[in-house]
Amino acid sequence: MDKSKTNRTVKIIYLLCLLISLTFSGNAAEEMYLFTSFGGDGDGLHLSYSNDGYNWVDLHEIFLKPAVGNKLMRDPHITQDTDGVFHLVWTTGWHDKGIGYARSKDLVNWSEQKFIPVMADTEGTKNCWAPEMFYDDAAGEYIIFWASDVEGRFPDTVSQDRMNNRTYYVTTKDFKTFSKAELFFDPGFDHIDATIIKFSDSFVVAVKEGDKQKQRVWGPIHLAQAEMVKGPYTLMDKPLVSNQRAEGPTLAKVGDDYIAYFDYYGEGKYGAYKTRDFKTWTDISGEVRVVNGQRHGTVFKVAGTVVDKLKASVDTAKAPAPVLAGFNADPHIAVFGDEYFIYPTSDGHDGWGSTSFSCYSSKDLRYWRSHGVILDLPRDLGWAQKHAWAPAIATKNGKYYFYVSAGKNIGVVVADRPEGPYKDPLGKPLIASGEYNAQMIDPMVFVDEDGKGYIYFGSGKCFVAPLNDDMISLKEKAKDITTPGFREGAFTLKRNGIYYLMWSENDTRDPQYCVAYGTSKSPMGPFVKAENNPVLKGKGIVKAAGHHSVVKVPGRDKYYIAYHRFGIPDGNGYKRETCIGDLDFNPDGTIKPVDVFKEFTPLK
């Protein structure tokens with residue numbers, strides 16, 4: 001054979017082998033993993049993805065908000081059928097007698113949600129928690145299983161210290177008709193959060209034994225095995241996790257290993273163990289990276305194209321830069337004359353341990369000049385050493401009154417200029433810790449057109465009280481005006497005769513931290529929560545947009561909102577940064593949602 005032809009033949013064979021290799025490696029690389037989750041008390045379906053089952057990337061979006069039952073979405077579980085359709089079930093409420101269900105072809109666009117009353121005909125049912133699904137090949141049907149506590153059943157394990165849950169199930173072939181609920185698993189103790197995986201020629205179920213919360217006794221995560229998916233299951237000799245405050249196990253096959261993820265719900269973190277035989281386990285918690293805020297969910301495999309579509313559906317536009325350098329939270333923005341000031345919480349301290357307050361000023365809202373420390377707690381106050389949080393400022397009588405959260409009390413200091421120096425006129429808190437049934441933090445003072453001042457404060461509950469003319473004493477006892485969803489960070493403004501109370505919802509460490517509002521005809525309330533809430537919330541890479549303040553441009557019907565968000569890219573509830581956006585109103589006086597990806601309109 002001609003040598004040149006031989007070389008060409010070898011090259012062709014090589015290229016064909018390379019192409020085949022790349023094709024198969026590409027297909028393998030396309031298989032990815034998704035991890036379901038929820039935020040807050042059950043805000044909706046969150047998803048993160050991974051290409052190795054160890055390191056997870058948040059998709060920064062709620063893909064489905066709950067609309068059935070008691071309108072929670074907790075413990076979401078997804079499975080995909082042979083036609084490529086995804087089926088989702090979830091916990092709809094703490095005391096519902098059914099579960100939620102929806103379906104989707106791409107995890108982006110969802111069917112109308114259904115409430116499946118799986119235990120409606122079972123008298124004495126107290127709850128339906130953490131539903132999951134498993135396809136029974138032998139029977140050609142889906143098994144849907146969940147935990148319920150049914151009064152009158154299993155009397156030997158009734159306790160004042162915990163519930164008396166067991167795992168129940170129904171079957172379905174079309175998610176339209178369902179069998180009657182039956183007992184699925186009774187290991188002889190209260191348990192929740194059942195999850196199943198196929199292992200070799202058997203099936204393994206993991207369950208969480210109930211905790212005795214008051215006694216601080218934490219139930220183990222147990223494993224049980226059966227030859228058939230419906231059982232009967234036999235408990236394995238040794239629990240997977242013991243004496244740890246863990247729940248929500250999920251089992252996933254990653255390569256040749258099986259990984260058990262579980263939620264350390266008291267610590268806000270995840271643990272993970274791996275095995276190949278379900279007998280010997282290795283703790284790999286230090287090797288996995290789940291997303292911040294991950295809550296009880298499940299892991300499942302998908303094609304890479306599914307993840308691509310999910311990523312494309314999420315707005316990952318570049319977020320505007322913060323207006324202040326470094327970590328600053330809880331910004332209070334105000335205008336005095338032709339100059340704007342921001343008074344933030346100095347952030348970046350674990351446990352929010354800051355001890356001083358600074359302020360910044362600007363003529364155009366873009367370029368901010370630091371005035372340094374204007375109040376140092378150990379130096380300037382005799383009654384607080386740390387926890388310098390969420391300040392506010394007001395002016396009256398030619399003086400500037402700076403209200404602060406200090407040592408979990410509320411104080412007030414006075415100065416002749418907005419940037420200080422400030423002096424403590426009382427030598428004690430204005431409102432002391434424990435004086436009202438809430439945390440005494442987050443003061444905000446509103447001075448009305450008639451010159452009367454009002455102070456708003458509280459975390460957990462919202463209080464308001466009129467101030468005396470001296471601005472450093474309360475005219476009368478504070479009134480509780482707590483609105484639905486209120487957490488903290490009250491702020492009041494007045495526009496066209498309407499009083500607006502705005503506040504933050506959820507925990508400041510929660511990526512779903514957001515701002516809502518209500519209206520009233522009086523600064524003392526009551527305030528009626530608006531329907532178009534929240535008006536400020538994170539999206540995509542912007543998380544935990546909240547704890548805000550609002551400033552009106554003098555002489556114009558133009559408003560700006562200052563707020564904090566998690567620092568980008570790796571911030572959290574202790575590393576937050578300050579931003580400014582436009583705050584606009586509809587013709588009917590309702591507040592328009594703030595676009596956290598839009599640069600604010602320049603000040604003219």
Side-chain angles (χ1 to χ4, degrees), residues 36-47 62-81 85-104 107 110-136 141-151 153 163-185 190-196 205-208 210 229-230 247-250 263 295-300:
T36 67
S37 185
F38 67 94
D41 194 36
D43 61 352
L45 175 63
H46 295 250
L47 294 169
I62 299 176
F63 289 93
L64 185 65
K65 294 184 178 181
V68 296
N70 273 298
K71 297 184 178 180
L72 296 181
M73 184 178 288
R74 299 174 62 88
D75 324 312
H77 174 82
I78 293 176
T79 192
Q80 187 177 23
D81 66 24
V85 177
F86 295 97
H87 302 272
L88 166 68
V89 292
W90 67 91
T91 304
T92 61
W94 291 101
H95 305 291
D96 288 353
K97 293 187 177 183
I99 61 175
Y101 168 78
R103 59 195 293 154
S104 172
L107 300 176
W110 289 89
S111 69
E112 183 179 356
Q113 297 175 39
K114 290 173 55 179
F115 181 77
I116 306 175
V118 290
M119 294 291 277
D121 296 332
T122 305
E123 188 176 351
T125 298
K126 299 178 182 179
N127 59 293
C128 289
W129 289 353
E132 293 201 10
M133 298 166 282
F134 196 91
Y135 186 69
D136 184 354
E141 61 188 10
Y142 284 92
I143 301 168
I144 306 177
F145 49 96
W146 65 92
S148 285
D149 182 344
V150 182
E151 189 173 356
R153 297 190 180 183
M163 297 183 69
N164 202 22
N165 290 287
R166 297 297 191 275
T167 300
Y168 293 82
Y169 80 102
V170 295
T171 60
T172 183
K173 294 185 176 183
D174 56 10
F175 292 92
K176 295 177 182 178
T177 59
F178 303 88
S179 65
K180 186 178 179 180
E182 297 182 57
L183 182 67
F184 182 80
F185 183 44
D190 165 53
H191 69 273
I192 56 174
D193 299 348
T195 188
I196 298 173
V205 63
V207 297
K208 157 67 177 179
V229 67
K230 292 181 183 177
E247 65 179 15
T250 184
D263 182 359
R295 302 291 305 277
H296 180 183
T298 51
V299 175
F300 61 105

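Every heavy atom of this structure was used, including side-chain atoms; hydrogens, water molecules and symmetry mates were not.
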On a heavy-atom basis, which atom in [X] and which in [Y] lie closest, and how many Å separate them?
{"X": "Val229", "Y": "Phe134", "answer": "CG2-CD2, 3.5 Å"}
{"X": "Met73", "Y": "Phe38", "answer": "O-CB, 3.2 Å"}
{"X": "Pro76", "Y": "Thr36", "answer": "O-OG1, 2.6 Å"}
{"X": "Leu72", "Y": "Gly93", "answer": "CD1-CA, 4.0 Å"}
{"X": "Ile78", "Y": "Thr298", "answer": "N-OG1, 3.9 Å"}

Are any of the side-chain heavy atoms of [X] and [Y] separated by less than 4.5 Å?
{"X": "Thr92", "Y": "Pro66", "value": "no"}
{"X": "Val207", "Y": "Ile192", "value": "no"}
{"X": "Leu88", "Y": "His77", "value": "no"}
{"X": "Tyr169", "Y": "Lys230", "value": "yes"}
{"X": "Trp110", "Y": "Leu45", "value": "yes"}
{"X": "Arg103", "Y": "Phe86", "value": "no"}
{"X": "Glu123", "Y": "Val150", "value": "no"}
{"X": "Phe63", "Y": "Leu47", "value": "yes"}

Keeping the roles fixed (side chain from [X], backbone from [Y]), state whether a donor-acceptor pair exists under 3.5 Å.
{"X": "Asn165", "Y": "Asp149", "result": "yes"}
{"X": "Ser148", "Y": "Asn127", "result": "yes"}
{"X": "Thr172", "Y": "Asp174", "result": "yes"}
{"X": "Asp96", "Y": "Ile99", "result": "no"}
{"X": "Thr171", "Y": "Glu141", "result": "no"}
{"X": "Thr79", "Y": "Met133", "result": "no"}

- Query: Between Arg74 and Asp41, is there a side-chain N and carboxylate O pair less than 4.0 Å apart?
  - Reply: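 Salt bridge flag = yes for Asp41 with Arg74.
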
- Message: Ring centroids only, cut at 6.0 angstrom: are Phe175 and His87 within range, meaning strictly under it?
- Response: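 Yes - the distance between ring centres of Phe175 and His87 falls below the 6.0 Å cut-off.
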
- Would you confirm whether the ring centroid of Phe184 sits within less than 6.0 angstrom of the ring centroid of Phe145?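 Yes, ring centres under 6.0 Å apart.
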
Contacts of [X] that satisfy side chain to side chain contact (heavy atoms under 4.5 Å, CB included) - sequence neighbours left out:
{"X": "Lys114", "result": "Tyr101"}
{"X": "Ser37", "result": "His46, Gln294, Arg295"}
{"X": "Gln113", "result": "Leu64, Ala67, Val68, Trp90, Ala102"}

- With a 3.5 Å cut-off and no angle check, do the side chains of Asn70 and His95 form a donor-acceptor pair?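 The answer is no; no qualifying pair exists.
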
- Message: Side chains of Thr195 and Thr250: any donor to acceptor distance under 3.5 Å?
- Response: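 No.
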
- Message: Run Asp190 and Arg166 through salt bridge (Lys or Arg N to Asp or Glu O under 4.0 Å) and show every step you take.
- Response: CA-CA 6 Å; Asp190 165 53; Arg166 297 297 191 275; 5.4 Å; no

